[in-house]
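The figures here come from the full heavy-atom set of this structure, side chains too, leaving out hydrogens, waters and symmetry mates.
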Amino acid sequence: VVAARSLVGGILVSPSEAARMGLPVNQDGRRRSLLELIAHPQIGFAALTAHFPQLNDLAPDAREQVEVDAIYAGYLDRQEADIVAFRRDEGLRLPVDLDYAAVGGLSNEVRGKLEAVRPATIGQAARIEGVTAAAITMLLGHLKRTKALKASA
């Protein structure tokens, strides 16, 4: 499977080459790996085997794993970015006098839990049972907006 990923990830195609093959990609000048093309909803693995016969040599299980990897790569990248952002924001201190009623989008249940616990950081707030990722996002947005307002005042 590693060799299959390496093969598919190592072959790059320019937009003009893709167009000559009849593959619908943005003509933005950016070269794309076959792995990226496999993930494209209008291309897929089968469309590439006609142009890259070496793909036919991949074992069926390796081919299937490469397809799965390609399809989910964008989601995994986004999740990784979310994790990095969370780790960056986890230690962000919450003001002791934070008015949770002023944080738009929080449910009454979450607002009540935050007011009862009064977490010191975003990380602590995220670990309170019933406090959702969406609530943390609302809380972060509120903190960044109020910080921006104070900075511009």
Side-chain angles (χ1 to χ4, degrees), residues 1-15 18-19 23-48 55 58-153:
V1 176
V2 173
R5 273 191 215 122
S6 179
L7 171 69
V8 174
I11 299 173
L12 300 177
V13 178
S14 71
L23 303 174
V25 298
N26 290 336
Q27 295 298 310
D28 56 7
R30 189 175 74 76
R31 296 177 67 80
R32 290 167 176 78
S33 71
L34 295 189
L35 193 65
E36 291 175 271
L37 295 178
I38 290 168
H40 194 288
Q42 295 175 308
I43 298 174
F45 204 100
L48 296 175
L55 298 179
L58 298 177
D61 61 328
R63 174 183 167 157
E64 184 179 344
Q65 187 61 53
V66 165
E67 286 181 284
V68 169
D69 291 350
I71 291 167
Y72 289 103
Y75 298 109
L76 295 174
D77 291 345
R78 210 164 328 153
Q79 189 174 38
E80 182 64 28
D82 289 347
I83 290 167
V84 168
F86 174 75
R87 286 189 178 134
R88 180 189 64 234
D89 293 334
E90 185 176 34
L92 185 65
R93 299 208 58 79
L94 298 173
V96 177
D97 60 345
L98 179 60
D99 179 11
Y100 291 102
V103 180
L106 292 181
S107 69
N108 289 332
E109 178 187 0
V110 168
R111 187 174 287 119
K113 288 180 179 193
L114 291 169
E115 288 172 349
V117 175
R118 304 293 303 172
T121 66
I122 287 289
Q124 287 177 355
R127 288 186 282 280
I128 298 171
E129 186 176 340
V131 175
T132 64
I136 296 300
T137 301
M138 299 295 176
L139 190 54
L140 278 168
H142 175 79
L143 291 173
K144 289 178 181 177
R145 278 190 303 278
T146 56
K147 186 177 181 180
L149 288 174
K150 287 179 185 175
S152 67

Study note, to complete from the structure: Looking only at heavy atoms, the pair that brings Leu94 and Ala125 closest together is CD1-CB, 4.3 Å

Exercise for review: Using the salt bridge (Lys or Arg N to Asp or Glu O under 4.0 Å) rule, take Glu109 and Lys113 through it: C-alpha gap first, then chi angles, then the decisive distance, then the call.
Suggested key: CA-CA 6 Å; Glu109 178 187 0; Lys113 288 180 179 193; 3.4 Å; yes

Check your understanding: Side chains of Gln65 and Asp69: donor-acceptor distance under 3.5 Å anywhere?
Key -> yes

Check your understanding: Is a donor on one side and an acceptor on the other found under 3.5 Å between the side chain of Ser6 and the backbone of Val2?
Key -> no

Check your understanding: What closest approach, in Å, do Gln27 and Ala19 show between heavy atoms, and which atom pair accounts for it?
Key -> NE2-CB, 3.8 Å

Check your understanding: What pair of heavy atoms forms the shortest contact from Pro95 to Arg118, and how long is it?
Key -> O-NH2, 4.5 Å

Review point. Any donor-acceptor pair under 3.5 Å linking the side chain of His40 with the backbone of Val25?
Key: no

Revision key, fill the gap. Between the CG atom in Leu140 and the CG atom in Leu92, the distance rounded to the nearest 0.5 Å is 6.5 Å

Review point. Taking it one step at a time, do Val84 and Glu80 satisfy side chain to side chain contact (heavy atoms under 4.5 Å, CB included)?
Key: CA-CA 6 Å; Val84 168; Glu80 182 64 28; 3.9 Å; yes

Practice item. Kindly indicate whether the side chain of Thr137, heavy atoms from C-beta on, has any atom under 4.5 Å from the side chain of Thr132. Key: no

Check your understanding: Which pair of heavy atoms, one from Arg93 and one from Thr121, lies closest together, and at what distance?
Key -> NH1-CG2, 3.7 Å

Review point. Could you give the distance from CG (Leu143) to CG (Asp89), rounded to the nearest 0.5 Å?
Key: 9.5 Å

Check your understanding: Taking C-beta and beyond as the side chain, do Leu98 and Leu114 meet within less than 4.5 Å on heavy atoms?
Key -> no

Review point. Are any of the side-chain heavy atoms of Pro15 and Asp28 separated by less than 4.5 Å?
Key: yes

Check your understanding: When rounded to the nearest 0.5 angstrom, what distance separates CG in Leu76 from CD1 in Ile71?
Key -> 12.0 Å

Exercise for review: Quick one: closest heavy-atom pair of Val131 and Ala135, and the distance?
Suggested key: CG1-CB, 4.1 Å

Review point. Can you name the nearest heavy-atom pair linking Gly9 to Leu35, along with the distance?
Key: CA-CB, 4.4 Å

**Study point:** Side-chain touch Val13/Arg32, heavy atoms, less than 4.5 angstrom
**Key:** no

Review point. Does a side-chain heavy-atom distance below 4.5 Å link Val8 with Leu48?
Key: no

Check your understanding: Quick check: does any side chain N or O of Arg63 sit under 3.5 Å from a backbone N or O of Ala4, one acting as donor and the other as acceptor?
Key -> no

Point to revise | Separation between CZ of Phe45 and CG of Leu37, rounded to the nearest 0.5 Å | key: 11.5 Å

Point to revise | N/O donor-acceptor pair under 3.5 Å between Arg111 side chain and Leu106 backbone | key: yes

Review point. Which is it for Leu34 and Leu55 under the side chain to side chain contact (heavy atoms under 4.5 Å, CB included) test, yes or no, and what are the steps along the way?
Key: CA-CA 10 Å; Leu34 295 189; Leu55 298 179; 4.1 Å; yes

Practice item. Kindly indicate, with the supporting measurements, whether the criterion salt bridge (Lys or Arg N to Asp or Glu O under 4.0 Å) is fulfilled by Glu90 and Arg127. Key: CA-CA 10 Å; Glu90 185 176 34; Arg127 288 186 282 280; 2.8 Å; yes

Check your understanding: Rounded to the nearest 0.5 Å, how far does CG of Leu58 lie from CD of Glu64?
Key -> 12.5 Å

Review point. With a 4.5 Å heavy-atom cut-off, do Tyr100 and Val110 have their side chains touching?
Key: no

Check your understanding: To the nearest 0.5 Å, how far apart are CD1 in Ile43 and CD in Glu36?
Key -> 10.5 Å

